[in-house]
Amino acid sequence: MSDRRTKDQDADEPSPYAVGHRKPPLHTQFQKGQSGNPRGGSRAQSARRARALALEEAYRLVTVREGNKVMRLPAIQAMMRNQLALAVKGNGPAQRAMLAAIDAMEKELADEIAAEEQAVAERGPINYLDGARRIAFLFREAYKEMGKPMPDNLHGQITGLLAAETPKTESDAGDE
């Protein structure tokens with residue numbers, strides 16, 4: 001390191017300051033209270049803008065000629081058609097890429113179905129009282145949609161089912 005003397009902007013005499021590795025001259029350093037990127041955005045903002053631009057371009061409509069037909073498709077769909085056509089013609093890398101993409105989509109779909117089934121299994125079966133409430137609701141909505149009043153005897157039967165004390169079943173024991 002050299003012992004260069006840099007001139008302080010506020011004073012007329014030079015002050016001793018070692019300029020060297022990771023020690024820039026005083027006049028090039030950031031002023032107090034000022035960060036390193038005062039007018040720029042963060043890298044995350046740039047990445048978000050780039051993703052938004054890429055998605056916008058992927059779904060931009062392009063004109064595609066297929067035989068005698070001319071159609072407008074999103075660019076991503078046109079690329080997938082082209083990739084699939086290459087794969088069908090025997091292009092090995094295109095075949096591998098299409099198989100990998102389809103395999104990933106099938107796995108994602110299987111995971112979604114498994115998660116749905118898991119959620120249904122965790123809910124468990126409904127008890128009879130809840131079933132009767134749901135049926136009563138459906139009857140009320142159906143008659144309301146038809147614009148007719150509910151028959152008195154049907155309403156009485158449903159109300160009697162809901163108001164009655166029903167014996168507990170094995171499936172009701174877990175609800176308490």
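None of the values given here were measured: they were computed from a predicted structure.
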**Prompt:** Residues in side chain to side chain contact (heavy atoms under 4.5 Å, CB included) with Y143, at least two apart?
**Reply:**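 Y143 satisfies side chain to side chain contact (heavy atoms under 4.5 Å, CB included) with F139, M146, K148, M150, P151, L154 once adjacent residues are dropped.
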So how far is it from [X] [atom1] to [Y] [atom2], rounded to the nearest 0.5 Å?
X	Y	atom1	atom2	value
E106	I102	CD	CD1	7.0 Å
Q45	R49	CD	CZ	6.0 Å
E116	Q118	CD	CD	12.0 Å
L61	R72	CG	CZ	5.0 Å

**Asked** Any chance CD of E141 has more than 12 other-residue heavy atoms, nucleotides or ligands included, within less than 6.0 Å?
**Response**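 Buried by this count: over 12 neighbours within 6.0 Å.
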**Item:** Presence of salt bridge, K107 and D111, under 4.0 angstrom
**Value:**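 Result for this pair is no, no salt bridge flagged.
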**Request:** With the side chain counted from C-beta on, respond yes when R123 and V120 share a heavy-atom pair under 4.5 Å apart, and no when they do not.
**Result:** yes
**Item:** Minimum side-chain heavy-atom gap V70-V64 below 4.5 Å
**Value:** no
**Message:** L55 vs R51, test: side chain to side chain contact (heavy atoms under 4.5 Å, CB included). Steps then yes/no.
**Reply:** CA-CA 6 Å; L55 284 174; R51 278 194 303 270; 5.5 Å; no
Enumerate donor-acceptor pairs with a distance under 3.5 Å from any side-chain N or O in residues 77-95 to protein atoms, sequence neighbours excluded.
{"residue": "R81", "atom": "NH1", "partner": "E66", "partner atom": "OE1", "Å": "2.9"}
{"residue": "N91", "atom": "OD1", "partner": "A94", "partner atom": "N", "Å": "3.2"}
{"residue": "Q95", "atom": "NE2", "partner": "A87", "partner atom": "O", "Å": "2.9"}

